[in-house]
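Every chain is numbered from 1 and lettered A, B, ... according to where its sequence line falls, protein lines coming before strand lines.
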Amino acid sequence: MSTEKRYYITTPIYYVNDSPHIGHAYTTLACDVMARFMRLDGYRVLFLTGTDEHGQKVEKAAAAAGIEPKAFTDKVSENFRALARRMNYSNDDFIRTTEERHIRASQAIWQALESRGEIYLGHYEGWYAVRDEAFYAESELIAGPDGTRLAPTGAPVEWVKEESYFFRLSAWGERLLAYYDAVPDRILPETRRNEVVSFVKSGLQDLSVSRTSFGWGVKVPGAPKHVMYVWLDALTNYITAVGYPDTGSAEFKTFWPADLHMVGKDILRFHAVYWPAFLMAAGLAPPRRVFAHGWWTNEGQKISKSLGNVIDPIALVDTYGLDAVRFFLLREVPFGNDGDFSRAAMVRRMNVELANDLGNLAQRTLSFIAKNAGGVVPAKGSLSEDDAALLAQAGGLLDTLRAQMGRQAFHEALESVWVLVRAANAYIDRQAPWALRKTDPARMETVLLVLAETLRHLGILLQPFMPDSMGKLLDQLAVPAAARGFDLLATGALVPGTALPAPSGIFPRYVETGAAEAAPVAPGKGTKPGKTPPGASKPDAGQGG
RNA sequence: GGCGGCGUAGCUCAGUGGUAGAGCAGGGGAAUCAUAAUCCCUUGGUCGGGGGUUCAAAUCCCUCCGCCGCUACCA
């Protein structure tokens, strides 16, 4: 392994049975922000996303659409690539499980497992519900009206027995527990880690890893009747992308094991139990960390297709703007928790934190420089304690962010940044350059320089979250493209006298369109208690997303 | 049922033994450079209930109530 700083981060590969929704956008966004942060911090980054294209559901969906599975997946997979472009994700690769490189890798890991005696041929039997295409445990079944057994979904079940290959998962419990214990924060958040540990401690059964009931998948080497279990196939994508089975390749040696598999909480087990077991059994290193994030609700309601309240990330971006959406998703909720998307919360964050706090800070500073400091980076005089304190706060932010980003605490990182934003607004009011303009122009310039430097720090540090907007901010500060990495935060200070372009707003306020203006209120603002103006019902957008 | 987590200001949350915190929302004031944005001050909580340990508990222990997650092979 080279001494170069490197970082490998992955999203799950998304199942093409579904069109992209906010959950997909969220997972990949979190990875994108991590990837951008690490790149700016000098790491060589590999950021992988892609699509999972095998399995019975895809086979059936394609049949229903009257086309070949591959043609079907070509089409649906493109939706995810389109989302990635629209969301400005910086993924370095986009993998599809139908690619030749992946089929080769999947068969290779199978053979590695088989040759090490980790896979054996047996029979899978259990209660199967044809309607649900799923097996159920005895304990899950419910009694039907006539005493027959039913799936928890109410579907009839039958006892089915089929030939299947098994992975000796039962042998890996102790080694998995040791793996979880080997480093702190192996599985985050902590509460998810507890669940995984408890699951493993309760005892593991061997895992059926092949199917004969359908054909759309990777063929089991030497057993063409069998198709590899979709999860074994899918998880393998993470090593396919770094060149497996060529474990001697530079890519593999550089990037494996992955630093972080980002997943939704629903697929944690596959990533934190099966996958490390598969890897260790195949003689490969397991991932360094798995992070399971939460789900979004919509206006307080659980999101479901049947409720029709699925949130389309593209529509969100169309309405509020890309960077505002990126910001909101990582700012609003402690990362790892479930969160609620609401129109009111979205607009509040945009207007209060982006437009008022940060956008206005930049605008008032830059336009003041344009009007009163000749439109160039102001001259720097001797620093007062207040100046030095603000600059020190800005200078110390990177270390704080590194620690927070290192735990994927995006919400904490943004809060840390906003502490500086608020401090800068307080500073400008205390120093009042508009007053200094008449009394002490030299001092005024120093104050403006301190503010511009603070903005430079903010712009550079917020690039991972809002790349476009911060690019604009840095343009307005005339920070060269080559001076926007974290390495030049401390030493790349603005050079007094450098010409600055004309400032323009970065984050416009979002003004609600439509209703909201129905009830005319008396000039005095109408907030007096006691009397309710006629017709003062709350207008509220009932339609989600 | 078993295991685990949570319940702190109107809202979202931080705070794991030593005089209750932040942001937003609410109230008052200042300023006028700026996207009418900003800044300062301020109202507000018997930290879910009860019991216990301790000089001292939101923080440790017990118990009760409420909510949530996990408890395997659709992905």
Side-chain angles (χ1 to χ4, degrees), chain A residues 12-18 52 54-58 60 124 126 129 132-137 139-140 153 164 166-167 169 189-211 229-232 234 264-270 273-274 292 294 331-334 337-340 342 344-345 348-349 351-372 411-412 415 418-419 421-422 424-437 444 447-448 451 503-511 527 529:
Chain A
I13 47 176
Y14 301 117
Y15 203 52
V16 292
N17 197 36
D18 216 355
D52 180 10
H54 288 137
Q56 190 169 24
K57 286 194 176 181
V58 171
K60 291 204 169 176
Y124 187 76
D132 300 341
E133 297 170 15
F135 281 92
Y136 291 101
S139 59
E140 289 181 281
T153 57
S164 172
F166 283 82
F167 169 68
L169 182 64
E190 186 73 24
T191 180
R192 298 293 163 204
R193 180 204 144 91
N194 293 345
E195 290 177 3
V196 169
V197 169
S198 135
F199 175 78
V200 172
K201 278 187 175 163
S202 75
L204 298 172
Q205 302 169 18
D206 288 350
L207 188 68
S208 164
V209 288
S210 77
R211 295 292 136 87
Y229 173 48
V230 284
W231 271 107
L232 176 51
K265 64 185 182 182
D266 56 326
I267 54 172
L268 176 60
R269 183 195 304 147
F270 301 98
V273 180
Y274 301 168
R331 169 62 165 150
E332 180 69 3
V333 174
N337 291 6
D338 288 349
D340 181 49
S342 76
R348 192 184 315 126
R349 288 286 180 196
N351 285 349
V352 173
E353 298 190 331
L354 292 182
N356 297 355
D357 287 348
L358 177 57
N360 187 53
L361 171 68
Q363 184 68 8
R364 67 198 304 208
T365 300
L366 292 167
S367 72
F368 201 90
I369 289 173
K371 288 174 192 167
N372 302 294
H411 62 296
E412 287 183 35
E415 174 58 24
W418 253 255
V419 168
V421 171
R422 290 183 210 112
N425 272 319
Y427 169 87
I428 194 172
D429 272 44
R430 263 196 317 274
Q431 297 301 327
W434 45 92
L436 293 170
R437 177 169 56 128
M444 175 197 78
V447 167
L448 294 175
L451 286 163
S504 69
I506 304 165
F507 297 114
R509 284 182 69 76
Y510 182 83
V511 182
T527 45

Heavy-atom pair of closest approach, residues A/Phe507 and A/Leu358: CE1-CD2, 3.8 Å

Nearest heavy-atom neighbours spanning A/Leu436 and A/Gln431: CD1-O, 3.4 Å

Touch class at under 4.0 angstrom, heavy-atom based, for A/Gly55 against every strand present: nothing

Separation between the P atoms of B/G50 and B/C65, rounded to whole Å: 15 Å

Sugar-phosphate only, base, or nothing, as touched by A/Leu366 at under 4.0 Å among non-hydrogen atoms: nothing

Sugar-phosphate, base or nothing in reach of A/Ser208, heavy atoms under 4.0 Å: base

Side-chain donor/acceptor of A/Asn360 to base of B/A34, under 3.5 Å: yes

Phosphate OP1/OP2 of B/U35: any A/Asn351 side-chain N/O under 4.0 Å: no

Phosphate OP1/OP2 of B/C74 contacted by A/Lys60 side-chain N/O (<4.0 Å): no

Donor-acceptor contact below 3.5 Å, side chain A/Trp418 vs main chain A/Glu353: yes

A/Ser164 side-chain N/O to A/Ser210 backbone N/O, donor-acceptor pair under 3.5 Å: yes

Sugar-phosphate, base or nothing in reach of A/Ile506, heavy atoms under 4.0 Å: base

Ionic contact status for A/Asp429 with A/Arg364, cut-off 4.0 Å: yes

Minimum-distance nucleotide (side-chain atoms of A/Val230 versus B/A75, B/C33, B/U35): B/A75

Test: A/Arg422 and A/Glu415 ion pair at under 4.0 Å: yes

Spacing of A/Arg422 atom CZ relative to B/G23 atom P, expressed in whole Å: 6 Å

Sugar-phosphate only, base, or nothing, as touched by A/Lys201 at under 4.0 Å among non-hydrogen atoms: nothing

Collect all protein-nucleotide pairs involving nucleotides 8-16 of chain B in which both atoms are nitrogen or oxygen and the distance is under 3.5 Å.
none

Shortest side-chain distance from A/Thr191, nucleotide among B/G5, B/C33, B/A75: B/G5

Out of B/U35, B/C70, B/C39, whichever nucleotide has its closest atom nearest the side chain of A/Ala426: B/C39

Rounded distance in Å - CZ (A/Arg348) to P (B/G23): 15 Å

Stacking check A/Phe368 vs B/C33 (5.5 Å / 30 deg): no

Nucleotide of B/C73, B/A22, B/U35 approaching A/Glu415 most closely (side-chain heavy atoms): B/A22

Touch class at under 4.0 angstrom, heavy-atom based, for A/Trp231 against every strand present: base

Touch class at under 4.0 angstrom, heavy-atom based, for A/Ile267 against every strand present: nothing

Touch class at under 4.0 angstrom, heavy-atom based, for A/Tyr274 against every strand present: base

Interatomic distance where CG belongs to A/Asn356 and C1' belongs to B/A36 [whole Å]: 9 Å

Side chain of A/Gln363 (C-beta onward), nearest among B/C73, B/U35, B/G69: B/U35

Derivation of the salt bridge (Lys or Arg N to Asp or Glu O under 4.0 Å) call for A/Glu412 and A/Arg331: CA-CA 8 Å; A/Glu412 287 183 35; A/Arg331 169 62 165 150; over 6 Å; no

A/Lys371 side-chain proximity, nearest of B/C73, B/A34, B/A72: B/A34

Whole-Å distance separating the OH atom of A/Tyr427 from the C1' atom of B/U38: 16 Å

Minimum-distance nucleotide (side-chain atoms of A/Asn425 versus B/C33, B/U38, B/G23): B/U38

Sugar-phosphate only, base, or nothing, as touched by A/Gly203 at under 4.0 Å among non-hydrogen atoms: base

Sugar-phosphate only, base, or nothing, as touched by A/Gln205 at under 4.0 Å among non-hydrogen atoms: base

Sugar-phosphate only, base, or nothing, as touched by A/Arg430 at under 4.0 Å among non-hydrogen atoms: nothing

A/Tyr15 (side chain) donor-acceptor with A/His54 (main chain) under 3.5 angstrom: yes

Nucleotide nearest A/Val352 when distance is taken to its side chain, options B/A75, B/C39, B/C24: B/C24

Residue pair A/Ala234 / A/Asp52: nearest heavy atoms and the distance that separates them: CB-OD2, 3.7 Å

Sugar-phosphate, base or nothing in reach of A/Phe199, heavy atoms under 4.0 Å: base

Residue-phosphate contact under 4.0 Å: A/Arg364 side-chain N/O, B/U35 OP1/OP2: no

Selected nucleotide, minimal atom distance to A/Ser198 side chain, candidates B/C3, B/U38, B/U35: B/C3

